[in-house]
Each structure stands twice: as C-alpha cells, then as structure tokens.
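The analysis underlying the following values was restricted to heavy atoms, covering all of them including side chains, and did not include hydrogens, waters or symmetry mates. Numbers here simply count residues along the sequence, with the first being 1.
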Amino acid sequence: MASSALQIVGLVVGGIGLVGTCAITGMPQWRVTAFIENNIIVFETIWEGLWMHCIRQANIRMQCKVYDSLLALSPDLQASRGLMCSASALSFLAFMIAVMGMKCTQCTENNERIKGHILLAAGVLFILSGIVVFIPVCWVANTIIRDFYNPTVNVAQKRELGEALYIGWVAAFCLVAGGAIFCSFCHCNEKTRSYRFSAPSHQASYKTHHVQRKTESSYSRSQYV
C-alpha cells in the first residue's frame with residue numbers, strides 16, 4: 001500500500017513538471033520590459049519568448065508576432081528552443097514509461113522485477129529532463145541579469161525575469177523530485193528482494209543440518225544394537 005502511494009506521488013509530481021515544461025516552452029514571458037530610469041511608458045509591456053514576442057497595452061490589448069528568423073535571436077534563446085523541445089519530449093516519454101511501471105497497470109503481467117526496471121528508467125528520464133529544463137532557464141536568467149547591470153546596454157533594451165523562468169525552476173524541481181522518488185522506490189525493491197532471497201536459504205540450511213544430525217543419530221543407534 002505504501003509503495004503504491006509512493007508511486008502515485010512520484011507520478012503526480014512528474015506530471016506537474018511535464019505540464020510546466022510544456023507550458024513554458026510556448027509562453028512568451030521569458031523576458032519582460034524593465035521600467036527603470038527614463039523608461040516610464042508603463043502602459044505598454046513587451047514580452048519576449050522562444051517563439052514570439054508580444055506587446056501588451058494597458059492590460060487591454062495584446063499583439064503577438066512570431067520571430068521572422070531564427071538567426072535573429074540571441075544565442076541563449078536559440079539554444080533554449082532546442083533544449084526545451086528536448087525536455088518536453090523526454091518528460092513526456094518518462095511519464096508514459098512511469099505509467100507502464102505502476103502497480104495498477106497490467107502491461108508486464110505484474111512482474112515486479114520488470115516493473116522495477118521500468119520505474120528506474122522512468123526516474124532516470126525524469127531527472128535528465130529536469131536537468132535539461134534547468135540549463136536554458138538559468139542561461140536566459142543569467143543573460144538578463146548580466147545585461148541589466150551592464151552600463152553599456154541601452155536602458156530600453158534591458159529586460160527583467162519573466163514568469164516563465166520562475167515556472168521553469170519549479171518544473172525542473174518537480175521533474176528531478178519525481179525521478180528521485182522512482183529511483184529510490186526501485187532501490188527499496190532491490191533491498192526487499194535480496195532479503196526475501198536470503199531468508200529462505202538460511203532456513204533451508206538449518207533444515208538440512210537438522211536432518212543430517214537426525215540421520216547420524218539414527219545410524220549410531222542401529223549400529224549400537
């Protein structure tokens with residue numbers, strides 16, 4: 001019962017990371033306009049994402065436009081596109097593999113050993129996808145902070161951390177946490193299996209020794225008679 005609950009918790013946490021990863025991949029709020037110094041036009045907000053940039057005016061109207069060229073993007077956004085797409089695919093694959101390894105499924109005919117290996121593979125993929133999400137989010141955040149404090153950068157070109165970056169950190173943490181749960185669950189199963197295998201062998205050796213002593217005593221009595 002406890003193992004089933006642990007599997008459900010790992011699947012839910014990994015599912016939250018999967019949804020967050022897919023969400024931030026399409027969100028435009030990676031870079032947000034910074035209202036500092038003479039930039040007092042607060043009724044207009046600029047969002048820059050991986051695929052498009054949007055302009056929102058006075059919380060009423062928003063216009064978005066897809067980037068015309070990939071080469072026109074900064075290197076961090078170019079790399080983030082590929083990494084986030086890879087992370088989305090890896091997290092989705094890890095989620096489906098984890099579902100196959102759950103105790104409530106009948107994909108492997110309730111073979112505990114095979115299901116343990118399936119959960120281990122799902123855990124490794126979850127952790128790998130979390131690391132892949134963590135890299136572009138931190139890269140973009142570092143670029144934003146570096147340009148913000150760079151005096152040579154124009155004030156109008158400075159940006160702040162968008163909501164997508166914060167969601168990305170949470171999603172990466174959920175993916176790593178879900179993968180760690182599945183990996184620890186597989187490790188606990190290995191300990192339980194080794195204990196089950198070692199206990200009967202000790203009992204069998206005790207029975208063999210007892211039967212041997214009984215045979216020797218009966219043989220000595222018959223020889224005495």
Side-chain angles (χ1 to χ4, degrees), residues 12-96 125-179:
V12 171
V13 174
I16 294 174
L18 168 62
V19 173
T21 301
C22 296
I24 66 174
T25 302
M27 288 177 62
Q29 293 95 335
W30 282 65
R31 297 177 173 179
V32 183
T33 306
F35 300 108
I36 54 178
E37 295 183 3
N38 296 326
N39 190 7
I40 59 175
I41 308 177
V42 296
F43 62 87
E44 185 176 88
T45 304
I46 299 176
W47 294 340
E48 297 178 1
L50 302 180
W51 310 95
M52 65 183 71
H53 67 276
C54 301
I55 300 178
R56 187 176 183 181
Q57 298 177 349
N59 296 327
I60 298 175
R61 184 181 179 184
M62 184 174 66
Q63 295 179 345
C64 297
K65 181 181 179 181
V66 180
Y67 294 122
D68 296 329
S69 175
L70 175 64
L71 300 178
L73 297 177
S74 58
D76 55 341
L77 293 182
Q78 292 181 15
S80 298
R81 275 191 178 187
L83 290 173
M84 290 306 302
C85 291
S86 300
S88 300
L90 284 175
S91 57
F92 178 77
L93 180 62
F95 185 83
M96 297 305 298
L125 287 177
F126 269 129
I127 295 175
L128 181 60
S129 60
I131 295 174
V132 175
V133 171
F134 192 73
I135 292 174
V137 171
C138 291
W139 189 357
V140 174
N142 179 65
T143 304
I144 293 173
I145 295 173
R146 182 193 60 195
D147 293 341
F148 187 86
Y149 292 106
N150 189 356
T152 60
V153 177
N154 190 10
V155 175
Q157 296 178 349
K158 292 185 178 181
R159 297 291 183 262
E160 289 185 354
L161 303 179
E163 293 85 350
L165 299 180
Y166 298 102
I167 299 176
W169 281 314
V170 175
F173 174 77
C174 290
L175 290 173
V176 174

Practice item. With rounding to the nearest 0.5 Å, note down the distance linking CZ in Phe95 to CG in Leu175. Key: 11.5 Å
Practice item. Please report the shortest heavy-atom distance between Ala94 and Leu125, naming the atom on each side. Key: CB-CB, 3.5 Å
Practice item. Check whether any side-chain heavy atom of Trp169 sits under 4.5 Å from a side-chain heavy atom of Cys138, and report yes or no. Key: yes
Review point. If you round to the nearest 0.5 Å, how far is CH2 of Trp30 from CE of Met52?
Key: 13.5 Å
Practice item. Quick one: list whatever passes side chain to side chain contact (heavy atoms under 4.5 Å, CB included) with Ile127, sequence neighbours left out. Key: Ile131, Cys183
Review point. Does Asp147 have any salt bridge (Lys or Arg N to Asp or Glu O under 4.0 Å) partners at least two apart in sequence or in another chain, and if so, which?
Key: none
Study note, to complete from the structure: To the nearest 0.5 Å, atom CG of Leu18 lies from atom CE of Met96 at 10.0 Å
Review point. Rounded to the nearest 0.5 Å, how far apart are CG of Asn150 and NZ of Lys158?
Key: 7.0 Å
**Study point:** Any residue meeting side-chain hydrogen bond (donor to acceptor under 3.5 Å, both in side chains) with Asn142, in chain and number order, not counting sequence neighbours
**Key:** none
Practice item. Before giving the answer on side-chain contact (heavy atoms from CB on, under 4.5 Å), spell out for Trp47 and Val32 the whole-Å C-alpha distance, their side-chain angles and the decisive distance to 0.1 Å. Key: CA-CA 5 Å; Trp47 294 340; Val32 183; 4.0 Å; yes
Practice item. Just jot down the ring-ring contact (aromatic ring centres under 6.0 Å, His included) partners of Phe92, sequence neighbours excluded, or say none. Key: none
Point to revise | Nearest-0.5 Å distance, CD1 of residue Ile55 to CD of residue Gln63 | key: 7.0 Å
Would you tabulate the side-chain donor-acceptor contacts of residues 22-29 under 3.5 Å, counting partners in other chains and residues two or more places apart, or write 'none'?
{"from": "Thr25", "atom 1": "OG1", "to": "Thr21", "atom 2": "O", "distance (Å)": "2.7"}
{"from": "Thr25", "atom 1": "OG1", "to": "Ser88", "atom 2": "OG", "distance (Å)": "3.3"}

**Study point:** Interatomic distance, Leu165 atom CG to Glu160 atom CD [nearest 0.5 angstrom]
**Key:** 11.5 Å
Practice item. Could you walk me through whether Arg146 and Asp76 pass the salt bridge (charged side-chain N to carboxylate O under 4.0 Å, His left out) test, one step at a time? Key: CA-CA 13 Å; Arg146 182 193 60 195; Asp76 55 341; over 6 Å; no
Review point. Can Glu48 and Ser74 be said to form a side-chain contact (heavy atoms from CB on, under 4.5 Å), step by step?
Key: CA-CA 11 Å; Glu48 297 178 1; Ser74 58; over 6 Å; no
Review point. Do the side chain of Arg81 and the main chain of Leu50 share a donor and acceptor less than 3.5 angstrom apart?
Key: yes
Exercise for review: Scan for side-chain hydrogen bond (donor to acceptor under 3.5 Å, both in side chains) pairs involving residues 126-139, sequence neighbours excluded, and state none if there are none.
Suggested key: none
